[in-house]
Amino acid sequence: MPDDGNDANGGTDPLFRVDSPIFTRKELLEIEHIPNEERIVGRDEQIKKVANALNPAIAGGSPRNMIVYGKTGTGKSLVAKHVTQRAKRAAENHGTTVGTAYIDCAQSNTETRAISTLATQLNDVGETEVKIPPTGIATDDYYARFWRILDARFDVAIIILDEIDKLGNDEILMQLSRAGEAGKLGSCKIGIIAISNKISYQDKLEQRVKSSLQEREFIFPPYDAEQLRLIMENREDAFKPDVLTSDVIPLSAAFAASEHGDARKALDILRHAGEIAEERDDERVREEHVRDARSLADVNRFRDLLQGQPTQAKLTVLAVAELTAARRESKIESNDIYDKYCELTTALDVNQLSQRRVYDLLREQAFLDILGQEFEGRGRARGSVMKFYLLEEPETVRQAIQRDAVFDQMNGE
DNA sequence: CCTCCACCGGAACGAGGGGCGC
DNA sequence: GCGCCCCTCGTTCCGGTGGAGG
């Protein structure tokens with residue numbers, strides 16, 4: 001992309017510009033960007049452990065299954081992808097063919113979708129003559145085709161299941177971990193890397209799957225401020241030289257470290273700071289930009305979370321927001337939320353759902369970290385109540401929610 | 001001590017919608 | 001086009017639980 005500034009014969013309109021005064025390679029600040037190995041910071045030990053578990057695969061043996069825990073932005077996916085790629089290359093030098101697949105269970109969130117995307121990723125129609133329709137066939141059929149593909153193409157398959165707690169049921173784990181013993185597979189071996197950001201996930205696992213997944217269990221700790229600083233410095237060439245003032249990176253690191261040690265957040269703050277500087281026609285990124293970027297990052301994150309939610313789910317969250325604004329107590333009993341919810345639905349003239357359903361919606365919002373959840377009492381007895389609360393300011397929540405078309409008439413009032 | 005009663009949460013079920021293979 | 005398959009949203013029903021109140 002040529003960027004000679006306001007070159008007239010390029011038809012450049014000064015209102016729009018291709019060249020940025022701040023960024024050179026902005027894509028380096030995307031979390032999806034996989035840095036090459038010398039840029040992976042502070043995860044040496046984790047890389048070694050994962051590699052160790054995969055080691056048997058190099059010579060064509062069974063890799064150990066593992067489950068990786070850690071909060072968002074602690075490098076779980078990064079390390080998993082990185083090590084599997086290296087394992088694949090190392091195996092090739094030994095004449096072993098290794099297939100690798102990565103699925104995000106938040107997107108492929110049912111058994112059928114997950115196995116379907118797995119099969120598609122590892123397939124090569126020219127080689128196997130197996131067709132994988134994206135949908136429409138029975139789940140068993142997907143499995144059957146999947147096993148055929150594996151045996152036809154690979155000695156070992158390493159499968160990364162990211163955000164595995166978002167998966168509806170464990171059946172696919174069961175199938176994958178038992179494929180060899182059940183005689184579904186001939187020669188191919190399977191290794192599973194399961195990734196979850198909720199440690200409580202293991203409680204939900206069925207015993208039969210648990211034993212095979214927990215062969216290896218790793219916990220990724222949050223990054224400390226020093227490591228976050230290094231991560232950002234490694235990607236500093238996303239910016240033009242000398243654009244960052246000296247306190248920008250340390251301050252971003254300190255902000256991100258004070259929350260969860262989340263590298264994604266750190267990079268978001270840094271990127272937003274650059275964008276804010278750009279908008280304000282500043283030549284350099286300064287401390288004040290970082291401070292503004294921090295709150296912007298929070299609001300954006302919450303808006304993104306709510307974006308995909310159906311209207312009914314937003315209504316339940318709105319009910320919590322209204323009650324929080326009206327009371328002192330921030331933790332609201334599920335019954336009160338339902339009453340408020342009913343008020344809202346009649347006021348807006350939308351369909352009113354049953355209490356049972358609303359309760360499920362609330363729990364789902366809590367699972368997605370849109371709401372907080374707290375159980376009071378013991379068992380399921382009378383007197384024990386489930387309470388929900390906001391994780392943001394009521395006003396932020398209201399604004400984010402009222403983008404839904406249904407709420408237009410509310411703004412008219 | 002016993003019996004309600006209110007609440008959580010699992011499960012079964014169905015409607016409506018969409019896709020594939022033959 | 002028909003029969004089969006899957007997904008999402010929702011409802012109804014009910015078992016377990018343990019504090020309140022006789």
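Numbers restart at 1 for each chain; the letters A, B, ... are given by sequence-line order, proteins then strands. These numbers come from the heavy atoms of this one structure, side chains and all, not from hydrogens, waters or symmetry mates.
Between A:Glu92 and A:Arg89 there is no salt bridge, since no side-chain N of the basic residue sits under 4.0 Å from a carboxylate O of the acidic one. Ion pairing of A:Arg229 with A:Glu233 is present here, as a side-chain N (NZ or NE/NH1/NH2) and a carboxylate O approach within less than 4.0 Å. Salt bridge A:Lys331/A:Glu376: absent, no basic N to carboxylate O contact under 4.0 Å. For the pair A:Lys198 and A:Asp369, the salt-bridge criterion is met [side-chain N within less than 4.0 Å of a carboxylate O]. Between A:Lys265 and A:Asp268 there is no salt bridge, since no side-chain nitrogen of the basic residue lies less than 4.0 Å from a carboxylate oxygen of the acidic one.
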Subject >> Sugar-phosphate or base contact per nucleotide [nucleotides 5-10 of chain B; S, B, -; heavy atom under 4.0 Å] >> reply: BBBBBB

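Among residue pairs with one or both ends in residues 333-343 of chain A, those qualifying as salt bridge (charged side-chain N to carboxylate O under 4.0 Å, His left out) are A:Arg327-A:Asp336, A:Lys340-A:Glu343; sequence neighbours excluded.
By the 6.0 Å contact criterion, CD on A:Glu129 is open, its count of non-hydrogen atoms from other residues, nucleotides or ligands being 12 or less. Counting non-hydrogen atoms of neighbouring residues, nucleotides and ligands closer than 6.0 angstrom, the NZ atom of A:Lys189 exceeds 12 such neighbours.
Both the sub-6.0 Å distance and the 45° axial angle are satisfied by A:Arg43 relative to the ring of A:Tyr223. For the pair A:Lys184 and A:Tyr143, the cation-pi test (distance below 6.0 Å, angle within 45°) is failed.
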For nucleotides 12-16 of chain B, list the nitrogen or oxygen atoms of the protein found under 3.5 Å from its nitrogen or oxygen atoms, one pair per line.
none

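Counting heavy atoms from C-beta on, the side chains of A:Lys81 and A:Ile193 never come closer than 4.5 Å.
Taking the centre of each ring, A:Phe23 and A:Phe239 come in below the 6.0 Å mark.
Between the side chains of A:Thr324 and A:Ser330, not a single donor N or O lies within less than 3.5 Å of an accepting N or O. Counting only N and O atoms by type, the side chains of A:Ser20 and A:Glu278 include a donor and acceptor under 3.5 Å apart.
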**OP:** Go through A:Tyr102 and A:Asp162 one step at a time and tell me if the side chain to side chain donor-acceptor pair (under 3.5 Å) criterion holds.
**Re:** CA-CA 7 Å; A:Tyr102 171 91; A:Asp162 205 349; 2.5 Å; yes

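Comparing the end axes of the helix from B:dC1-C:dG22 to B:dC22-C:dG1, each fitted to five base pairs by superposing C1' atoms of four pairs onto the next four, gives an inter-axis angle of 10° (nearest 10 degrees).
Interface limits on DNA chain C: the 5'-most and 3'-most nucleotides within less than 4.0 Å of chain A heavy atoms are C:dC5 to C:dG19.
If you check residues 106-133 of chain A against DNA chain C, the residues with a heavy atom closer than 4.0 Å are A:Asn109, A:Thr110, A:Thr112, A:Arg113, listed by number.
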